[in-house]
Undergrad: 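Before anything else, here's the structure in question.
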Amino acid sequence: MAQLTTYRGKRDFSRTPEPEGRVDGGEGNRFVVHKHGATSLHYDLRLEMDGVLKSWAVPKGPSLNPDDKRLAIQTEDHPLDYIDFEGVIPEGEYGGGPMIVWDAGTWAPMGDIEESFRSGDFKFRLAGEKLKGGWMLKRLKPKPGEDKVNWLFFKEHDPAASTTENILESRPESVKSGLTIEQLQPAPQKPRKPVKLEPGKLKGAREMPMPDKIQPQLATATADPPPIPGDRTPWLHEIKFDGYRTIAFIEDRQARLITRSGLDWSDRYKRLTNTFAQVPCRQAIIDGEVVVVDSQGVTTFAALQDALAESRSHDLTFFAFDLLYLDGYDLQNVALRDRKDLLRDLLAPIVSSKSAIQYSDHVEGEGSDLLGLVTEKHLEGIVSKRADARYEQTRSTTWLKTKARRAEDFVIVGYTRSEAAGGLGALGLGEWVDGTLEYRGKVGTGFDAPTLDLLLSRLQPIELERAPLPRAPKELVYVEPVYSARIHYANRTNDGSLRHAVYKGLIEPERPTNRPERRRLISDADLASVSITNPTRRLFGDDGPTKLDLAVYYGLVGDFMLPHLFGRPVTLVRSPSGKADDIFYQRHPFSGMPKSVGVFDAVNSDSEARQYLSVEDPKGYLALAQFGVIEFHTWGCHHADLERPDRIVFDLDPGEGITWRNIVAGARRVRGALEGIGLNAFVKTSGGKGLHVVVPIKPHHDWKSIHKATGAMAQAIAAGDRDTFIANMSREKRKNRIFIDFHRNARGATAAAPYSLRARPGLPASTPLNWNQLESIDAPEDLNYSSLPQILNSSGDPWAEIDEYASDLQAVGP
DNA sequence: GTATGTG
DNA sequence: CACATACAACGCTGA
DNA sequence: TCAGCG
């Protein structure tokens, strides 16, 4: 049983006021309620569970049961546990008392929690179920005689709610070079007494009137940070900010903020201007960058523009990195290090962890170490400045900027053996470039023991005799290039190899990351409109599924399937008799056809006018089950734009001797090749033994060129590995190979629609999958009429956002 | 499943 | 009346 | 050129 223990300030929450309420639990369990942080809708509650501090936002609301004393709590890693209230959430401006209550009898999907609050319409789902990042708490005992249970919704607290402190908290300490975050940004420091500033004593300082104009010094871009120089004047490396370069002129307790182009933006930066006015000096010129620090602690230009557009100057932070003038002395000929020291002392009295002005600190030593760290944090890059350099009002080589590269995924092409590291020392990486795999070097850090085990268990079964790509070093144990690794790296060498590469995970980027809510496309009325004759008729055998099973399946998956069906020419595969040898295709209107099925006019390949079918509404779709429709096949286009396909498909068909694992690996390789030319590949089972790799494209080209282009792609992939693939239809060459069938990309050709059942025993489904789900499927026939509805209900449609990933296929010549 | 053709 | 039949169609392949 | 194939 989990223990809830009192949080006793092991971490510094000095920003939060003292707890104003305390709720002591039974059995030694207690938690502390902070009223601080409450929005108009939530209390901020923190409790420590098994030593881990958890933070929750507790919605406030009317206290329906002020004498309620006991709550049940259940979270992801804690079974049901109880908290006895001895007190209640404190009285005060929010009303106090135990929180929200709802009637268990009226389940409904929960909408936006805050909106529910505003409307007073609290609707929650199930006990302990995770909802939108929060958890339900169940009040244990219903009142005697009352058949209802009360619920409290705890929303997981978003810790990324403030600015500078989150930069500090979210950055891990660097392992290399002993770099700590405090070196990147000053640790939150208490305002200090001003030290005596003596700019006139610095070497190079000149007594003169304050200039009223400064051209900011600019940095020269470099691919790599400068190496540690041999002489005694090191480089100082700062974080490069992504914002507006700004120079602050302070005079007589007034500040002017001037942009790089000389505009006076003092008013737009109101809050900063006011803060600068408090800098304890008579005159100063401070160089820096105005940024918005987002919730991840990352500065982004876009956020800054938003803040300015909305006049939210209170979101702005000024990172000060240079001091050009102070109290009668021009400092432009003073060494940078001295200028920065003086700047730090000058700002110390007013800089705190949450002040609008921050001192931009630096590190010395290997700039690439900082660059690696900055890259991990998805920051813009670093600026390296010579410690002894004077300030130059122009672009200079004493300031160098190096951009951070983003994390990317690379194909694992091999690994090195290492006894010490548990069998695996490093991964060899490759990258698809124009359909060919190129070597990109090794990654040897970032693994922990379980990761090593996982990688080894995945890679050993797919070892290769010979290298799958040129230029791979001999010491590698080669593997099928089917897995990808997420890699962070500082930059690349001239030959493309990665520098400072860090392994971040074996990731199939879950492309539809935020699963959209299930959209209800089938109403109860639609379902009620279906009538099924012979509901008990067996399909394909005496113990097979019934015709009713078929109708129920399509009823259940309709919400997920219909988006892929609507508006596309459809071909039906029917078996009204239910006999396996009595199956036929239908693509034209037929007698007795439900009138809710769509019909449109088109010409066939002989230019004859024909009518074709499409599914246009849920009723028509549901009615088809009654007509013995088992399979739905679609064209790769919509009838509204019949001649220009928007989806292409590669049907991977296993030849004799090819296992399911082989097919999975093959699909990954096809995906790699496709993504190498900028196409987004989605995968589904074909319903048989194969896989369909489907690519959404923009409908820009006609069928002829698409068919030709997909043929070229298939041939290219097959040419890259003739032992595995073949793009040729001929029968006997297919043995022990995977046939890449691209012929479904011709006009009038069809492929099984996503979620379509297949007319064979057991009614397997053509099932869209995430690429990483694919790995956990052992037998595709397990995805069938009876199992799939449940799976879909809990995980949703992995292809829900497929159309948003449509690429523009390059036009192909005649 | 339904309409139609055929003996 | 019982019974049979239609209900798709593309490009490639090897003969 | 055509039957066969997916």
Side-chain angles (χ1 to χ4, degrees), chain A residues 530-539 546-548 550-551 568-579 581-597 599 602-614 620 622-637 642-643 645 648-656 658 686-692 702-712 714-715 718 726-734 737-753 756 758-760 766:
Chain A
V530 183
S531 62
I532 302 290
T533 60
N534 297 310
T536 57
R537 170 178 291 158
R538 299 276 174 186
L539 273 24
T546 64
K547 201 177 146 198
L548 182 63
L550 185 75
R568 292 178 185 277
V570 67
T571 298
L572 310 171
V573 177
R574 297 176 60 197
S575 179
S577 66
K579 294 209 257 298
D581 57 357
D582 187 17
I583 288 171
F584 57 89
Y585 284 73
Q586 217 155 14
R587 61 163 35 175
H588 301 296
F590 50 99
S591 47
M593 189 179 81
K595 57 182 180 302
S596 43
V597 176
V599 174
V603 294
N604 65 11
S605 58
D606 294 332
S607 304
E608 298 159 341
R610 299 295 305 262
Q611 289 192 308
Y612 291 82
L613 306 180
S614 68
L622 290 171
L624 287 169
Q626 156 63 10
F627 284 79
V629 172
I630 299 177
E631 305 188 3
F632 292 84
H633 296 227
T634 53
W635 296 22
C637 67
L642 197 63
E643 303 307 328
I648 57 181
V649 53
F650 296 90
D651 176 7
L652 304 189
D653 229 25
E656 198 184 320
I658 292 289
S686 68
K689 290 179 175 162
L691 287 171
H692 289 171
D702 63 19
W703 285 106
K704 277 264 183 297
S705 33
I706 290 296
H707 187 233
K708 199 170 168 188
T710 53
Q715 297 291 358
I726 183 160
N728 188 310
M729 292 179 86
S730 77
R731 193 82 226 192
E732 61 255 36
K733 290 182 191 160
R734 303 252 294 268
R737 291 192 176 82
I738 298 169
F739 172 41
I740 308 177
D741 182 358
F742 59 92
H743 295 295
R744 288 167 165 67
N745 305 309
R747 186 181 189 274
T750 61
S756 172
R758 304 308 297 272
R760 58 182 79 191
S766 179

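We name chains A, B, ... by the order of the sequence lines, and we start the count at 1 in each one. Bear in mind that the values here come from a model prediction, so they are computed numbers and not experimental data.
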Undergrad: The side chain of A:His743 is closest to which nucleotide in this list: B:dA3, C:dA8, C:dG11?
TA: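 The closest nucleotide is C:dG11.
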Undergrad: Using 30° and 60° as the class boundaries, would you call the ring planes of A:His707 and A:His743 parallel, tilted or perpendicular?
TA: tilted
Undergrad: Do the side chain of A:Gln611 and the main chain of A:Val599 share a donor and acceptor less than 3.5 angstrom apart?
TA: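 Such a contact is absent between A:Gln611 side chain and A:Val599 backbone.
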Undergrad: Rounded to the nearest angstrom, tell me the gap between atom NE2 in A:His588 and atom P in C:dA6.
TA: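 Atom-to-atom, A:His588 to C:dA6, this comes out as 15 Å.
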Undergrad: Between C:dC10 atom P and A:Phe742 atom CZ, what is the distance in whole Å?
TA: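 Whole-Å distance recorded here is 16 Å.
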Undergrad: Is it true that A:His692 and A:Phe650 have ring centroids separated by less than 6.0 Å?
TA: no
Undergrad: Between atom CD1 in A:Ile630 and atom P in C:dA8, what is the gap in whole Å?
TA: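 So the two atoms are 17 Å apart, to the nearest Å.
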Undergrad: Using a 4.0 Å heavy-atom cut-off, does A:Asp653 contact any base of the nucleic acid, only the sugar-phosphate backbone, or nothing at all?
TA: sugar-phosphate
Undergrad: Find the distance A:Tyr612:OH to C:dC10:P and express it as a whole number of Å.
TA: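 The answer, rounded to whole Å, is 7 Å.
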Undergrad: Measure the distance from CZ on A:Arg744 to P on C:dA9 and round it to the nearest whole Å.
TA: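 These atoms are roughly 16 Å apart.
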Undergrad: Would you call A:Glu631 and A:Ile583 a side-chain contact if the rule is heavy atoms closer than 4.5 Å?
TA: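 The answer is no, as the side chains (C-beta and beyond) never meet within the 4.5 Å cut-off.
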Undergrad: Among the nucleotides D:dG6, C:dC7, B:dT2, which one has an atom lying closest to any side-chain atom of A:Phe584?
TA: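 From the listed options, C:dC7 comes nearest.
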Undergrad: Give A:Phe590 one of three labels, base, sugar-phosphate or nothing, depending on what nucleic acid heavy atoms sit under 4.0 Å from its own.
TA: nothing
Undergrad: Work out how far the P atom of C:dC10 is from that of B:dT2, and round it to whole angstrom.
TA: 29 Å
Undergrad: Tell me the interatomic distance from A:Gln586, atom CD, to C:dA6, atom C1', rounded to whole angstroms.
TA: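 Interatomic distance, CD of A:Gln586 to C1' of C:dA6: 9 Å.
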Undergrad: Can you identify which nucleotide, out of C:dT13, D:dG6, B:dT2, has its nearest atom closest to the A:Asn728 side chain?
TA: C:dT13
Undergrad: A:Arg610 has an atom CZ; how far is it from atom P of C:dC10, in whole Å?
TA: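 Taking CZ of A:Arg610 and P of C:dC10, I get 10 Å after rounding.
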Undergrad: For A:Phe739 and C:dT13, what is the distance between atoms CZ and C1' respectively, to the nearest whole Å?
TA: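 Going from A:Phe739 (CZ) to C:dT13 (C1'), I get 11 Å.
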Undergrad: Can you tell if the side chain of A:Trp635 reaches within under 4.5 Å of the side chain of A:Pro645, non-hydrogen atoms only?
TA: no
Undergrad: Heavy atoms from C-beta onward define the side chain here; which of C:dC12, C:dA8, B:dT2 lies closest to that of A:Thr750?
TA: C:dA8
Undergrad: Considering only side-chain heavy atoms of A:Asp741, which listed nucleotide, B:dT2, C:dG11, D:dG6, is closest?
TA: D:dG6
Undergrad: Give one of base, sugar-phosphate or nothing for A:His707, where a contact means two heavy atoms less than 4.0 Å apart.
TA: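 The answer is sugar-phosphate, as A:His707 gets under 4.0 Å only of primed atoms, P, OP1 or OP2.
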